[in-house]
Colleague: 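Sharing a structure here in structure tokens format.
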Amino acid sequence: MSVKFKRLLKKINSIKLSRKLIYIIFAAMFIFVTFFGAVQYFCVRKYVINQNEYAIGQNYNQSYRLLTNIVDNYFRTISAMEGMPDISNVIYGKVKFDFTDDQQQLEMHRQYNAFCQSVYYVENIYDIDAVNVYTMDGYICSTDSVSKFPAEKIKKTRWYKQMNSMGTQSFLCNSSYFDDDESDIKGKIHYIRLIPSKDKYTENIAAVRISIDESKISSIINSCKMTDDNIILLRNAKVNNISYVGLENYNADFLDALYDYTDNSEAGASNFEYDNKKYYIVQRKISFSSVEFIDVFPMGDLLKTYYDLNINICIVLIAMFIIISVLLNSILKTFTQRLEKLMGAMNDVKQNKFTVVPVGEIDDDLDDCIRNYNDMICRIQIMMEEQLKNRQTLHNYEIRLLYEQINPHFLFNVLEIINSLTYENDVPAIRESLQKLAQYYKISLSNASEIIKICDEIKHCELYVDICSKRFGKNIEFYYDIEDDLLDVPILKMTLQPIAENAIVHGFRVKDGNVKGDNEIFVAAYRSDGYIFIEVTDNGVGIAPEKIKSVLHDRDKIGIGLKNTDERLKLYYGENCGISIKSEVGKYTTVIIKITDKA
């Protein structure tokens, strides 16, 4: 893992700075958007849900209070009717409407009128639309809002059968539980209360049905509906819906699942899921009845505000992203262009191309870097020019110094030759030697230049060998084999002479008097791989292998001339040029001169 991580870091570090800046900025923007989205999802989403649930709860509680007040009016109406003698006497059968004469008939009318007046009073107080009483007496009486029916009729009604199956003494229902022959039922919500016998509680002797206009309840339910898909139910648990709104948008399977869930759920808020859709449900029983007030709210509607907010936020973020991207692209484009110019100029320095980068008008940190770079380049150019001049001057001084070291040495040897000849009184020989010495210096001092042709250098070396032959009185043969196209190639003066001198003095050992009769110096030249090689071979005593290295690196008596010549060649032609030596003791020594093929 660490190796892969290191490779990843290496790849990242190898990315150009301009691209790094772009990647870093866009990564920062991405992190910001991701962080903002996460915060929005976990915080804003929760806040929106809480706020909507709070709004639903407030709306639900308001409607619940209104419905509770209506149901409480039912209870209060029943309690009031039971506490009023004119009504309770009728309910409990204490008033007999079995008359035989006019006096009894008048009494019946009086008591019934008192009953009706009491009912009117209760209706006005508790905002009741109609009261219907079912008693054991067979007398049936009905006014605009008060009806009295025989108790036998109760057992034939759907609502009574439903109450028996539920085992309840009270029942809230709509008009669907009444037969068409019952008056005053359409468009009403009815509360029915069975009146047990005071002597035998399990026996119902009467029933009171209180009715109000259904619009009073439906208006409350409709006011609780917040969205099109919101369902509001006023429902008898496990029985039926009393009043409702919003069911038309759902199929029967969904409603069956919803009823099954709510009928078996406790009061409060909960979440219901059907067909991968979630619903927020608030339900509570009204007063002491079995009636539940249920609010079913789709989570999609609950989060609609959140989704709308998301869309608006996304639009704003996209717009900001585009604007920031355009601005960053404009800024980074200018920055990266200038940076690439600076990097290109720096790469040119590797190829010894010193380019000045134009400075813009932005005057930022990068412009400061460019100015400093330009100043550095100008200083480097000035220093290089000065260094080149100094190097050339030094080069000339070193060549001149080495050349001057050779001339006195040779001049001393020539003078020694002439001195020897003088002692022998050989005047013609002196004349010939002086002539050759004059020719020798004529070539050496020609044109005051350090460079001469190879043919002139060969002649120069040949004159030196002849003078040495005169000096030591021994015959030294000098000959060469060089192609014509190489004779005119330029070479440093005094290149061959120190090598010939070293061959005569140390190879032939002229000072020791051990000179052989067949002393030869042979010069050959050829081209190879862009270089010119000149080989100077003598048939002298040779050089031991372990001493060859010291001849070229140590300034001893044997190698001073070769060492100076090697340094001169390296200074002029380069470090790849110079002198190398091959030798076999007792047979030969070959000094190989390597120079570049240039004018």
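All values derive from a computational prediction rather than experimental measurement.
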Colleague: Measure from the side-chain N and O atoms of N61 to the backbone N and O of G57, and report whether any donor-acceptor pair falls under 3.5 Å.
Modeller: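 Yes, because the side chain of N61 sits within donor-acceptor range (under 3.5 Å) of the backbone of G57.
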
Colleague: I want to check something: taking the side chain as every heavy atom from C-beta on, are Q162 and F171 in contact at a cut-off of under 4.5 Å?
Modeller: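 Contact flag for Q162/F171 side chains = yes.
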
Colleague: If you take all heavy atoms of P298 and Y279, which pair is closest and at what distance?
Modeller: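 It is CA-CD2, 3.6 Å.
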
Colleague: Measuring from M383:CE to C378:SG, what's the distance to the nearest 0.5 Å?
Modeller: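 The SG atom of C378 is 13.0 Å from CE of M383, to the nearest 0.5 Å.
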
Colleague: Starting at CD1 of I70, measure out to CD1 of I286 and round the result to the nearest 0.5 Å.
Modeller: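 The CD1 atom of I286 is 8.5 Å from CD1 of I70, to the nearest 0.5 Å.
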
Colleague: If you define the side chain from C-beta out and look only at heavy atoms, does anything of P196 sit under 4.5 Å from Q169?
Modeller: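 Contact flag for P196/Q169 side chains = yes.
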
Colleague: Compare every heavy atom of W159 with every heavy atom of A207, then report the nearest pair and how far apart it is.
Modeller: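 The pair with the smallest heavy-atom distance is CB-CH2, 4.4 Å.
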
Colleague: Passes side chain to side chain contact (heavy atoms under 4.5 Å, CB included), Q283 versus E292? Steps please.
Modeller: CA-CA 7 Å; Q283 65 183 90; E292 287 189 334; 3.5 Å; yes

Colleague: Judged by modelled atom types alone, do D295 and N230 share a side-chain donor-acceptor pair under 3.5 Å?
Modeller: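 Yes, side-chain donor-acceptor contact under 3.5 Å.
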
Colleague: Has D213 got a side-chain atom pairing as donor or acceptor with S215's backbone, closer than 3.5 angstrom?
Modeller: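 Answer holds: yes.
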
Colleague: Rounded at 0.5 Å granularity, tell me how far CG in L247 sits from CG in N249.
Modeller: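 Reported value, rounded in 0.5 Å steps: 9.0 Å.
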
Colleague: Say whether, by atom type as modelled, one donor and one acceptor occur between the side chain of S211 and the main chain of H190 under 3.5 angstrom.
Modeller: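 Looks like no, no N/O pair under 3.5 Å.
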
Colleague: Taking C-beta and beyond as the side chain, do V316 and M320 meet within less than 4.5 Å on heavy atoms?
Modeller: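 Yes; the side chains approach each other to less than 4.5 Å.
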
Colleague: Give a yes or no on whether E248 atom CD has more than 12 heavy-atom contacts from other residues, nucleotides or ligands under 6.0 Å away.
Modeller: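 Yes, CD of E248 has more than 12 neighbouring heavy atoms, counting only those of other groups under 6.0 Å.
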
Colleague: Given 3.5 Å as the limit, does a donor-acceptor pair link the side chain of Y160 with the main chain of L194, or not?
Modeller: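 No; zero donor-acceptor contacts below 3.5 Å.
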
Colleague: For a side chain to side chain contact (heavy atoms under 4.5 Å, CB included) check, start with the C-alpha distance between F272 and T262, then their side-chain angles and the critical distance, and finish with the verdict.
Modeller: CA-CA 9 Å; F272 168 66; T262 56; over 6 Å; no

Colleague: Aromatic rings Y60 and F293: how do their planes relate, parallel, tilted or perpendicular, breaks at 30° and 60°?
Modeller: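 If you compare the ring of Y60 with that of F293, the planes turn out parallel.
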
Colleague: Does Q62, at its CD atom, have more than 12 non-hydrogen atoms belonging to other residues, nucleotides or ligands within less than 6.0 Å?
Modeller: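 No, CD of Q62 has 12 or fewer neighbouring heavy atoms, counting only those of other groups under 6.0 Å.
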
Colleague: Do I192 and I210 make a side-chain contact, defined as non-hydrogen atoms from C-beta onward lying under 4.5 Å apart?
Modeller: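 A side-chain contact under 4.5 Å is absent here.
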
Colleague: State whether the number of non-hydrogen atoms from other residues, nucleotides or ligands found under 6.0 Å of N251 atom CG is greater than 12.
Modeller: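 Check passes, neighbour count above 12.
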
Colleague: One pair to check against side chain to side chain contact (heavy atoms under 4.5 Å, CB included): I294 and V282. What are the steps and the verdict?
Modeller: CA-CA 6 Å; I294 304 171; V282 182; over 6 Å; no

Colleague: Can you measure from CE (M166) to CE (M163) and round to the nearest 0.5 angstrom?
Modeller: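 So the CE of M166 and the CE of M163 are separated by 8.0 Å.
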
Colleague: Would you call the rings of Y274 and F254 parallel, tilted or perpendicular, where under 30° means parallel and over 60° means perpendicular?
Modeller: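 Judged by the thresholds at 30° and 60°, the geometry between Y274 and F254 is perpendicular.
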
Colleague: Using only atom types and a distance under 3.5 Å, with no angle test, would you say the side chain of D260 pairs donor to acceptor with the backbone of D256?
Modeller: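 No, the answer is negative, given that no donor and acceptor are paired below the 3.5 Å cut-off.
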
Colleague: Do N374 and R379 get their side chains close enough for a donor-acceptor pair, meaning under 3.5 Å?
Modeller: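 Absent: no donor and acceptor within the cut-off.
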
Colleague: Between Y64 and R284, is there a cation-pi geometry (under 6.0 Å to ring centre, at most 45° from the normal)?
Modeller: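 Pair R284/Y64 counts as cation-pi.
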
Colleague: Check whether more than 12 heavy atoms from other residues, nucleotides or ligands sit under 6.0 Å from atom OH of Y244, and answer yes or no.
Modeller: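 No, the 6.0 Å shell around OH holds no more than 12 heavy atoms from other groups.
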
Colleague: With heavy-atom distances below 4.5 Å as the criterion, would you say the side chains of Y177 and N174 are in contact?
Modeller: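 Yes, close enough: below the 4.5 Å cut-off.
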
Colleague: Is the cationic atom of R209 (NZ for Lys, CZ for Arg) positioned less than 6.0 Å from the six-membered ring centroid of Y191 and within 45 degrees of its normal?
Modeller: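 R209 over Y191 ring: no.
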
Colleague: Report the C-alpha distance between K225 and I221 in whole Å, list the side-chain angles of each, state the deciding distance to 0.1 Å, and finish with yes or no for side chain to side chain contact (heavy atoms under 4.5 Å, CB included).
Modeller: CA-CA 7 Å; K225 182 178 173 66; I221 292 177; over 6 Å; no

Colleague: Could you check whether any side-chain N or O of S63 sits under 3.5 Å from a backbone N or O of N59, counting only pairs where one atom can act as donor and the other as acceptor?
Modeller: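 Confirmed, S63 side chain pairs with N59 backbone.
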
Colleague: If we only count heavy atoms from C-beta on, is the K216 to D129 side-chain gap below 4.5 Å?
Modeller: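 A side-chain contact under 4.5 Å exists here.
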
Colleague: Would a 4.5 Å heavy-atom cut-off, applied to side chains only, mark V71 and V291 as touching?
Modeller: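 Side-chain contact under 4.5 Å: no.
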
Colleague: Without hydrogens or angle criteria, can the side chains of S270 and Y261 be said to hold a donor-acceptor pair below 3.5 Å?
Modeller: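 Checked: S270/Y261 side chains pair up, N/O donor to acceptor below 3.5 Å.
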
Colleague: Is it the case that the side chains of D229 and T227 hold a donor-acceptor pair, with the cut-off being a distance below 3.5 Å and no angle test?
Modeller: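 Side chains of T227 and D229: no pair found under 3.5 Å.
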
Colleague: Would a 4.5 Å heavy-atom cut-off, applied to side chains only, mark N271 and K278 as touching?
Modeller: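 No, side chains not in contact.
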
Colleague: How far does CD1 of I220 sit from CD1 of I232, to the nearest 0.5 angstrom?
Modeller: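 CD1 of I232 is found 12.5 Å from CD1 of I220.
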
Colleague: Mark yes or no for whether N241, through its side chain, and R235, through its backbone, hold a donor-acceptor pair below 3.5 Å.
Modeller: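 Absent.
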
Colleague: Calculate, to the nearest 0.5 Å, the distance between atoms CD1 and CG belonging to I242 and L234 respectively.
Modeller: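 Output value for this atom pair is 4.5 Å.
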
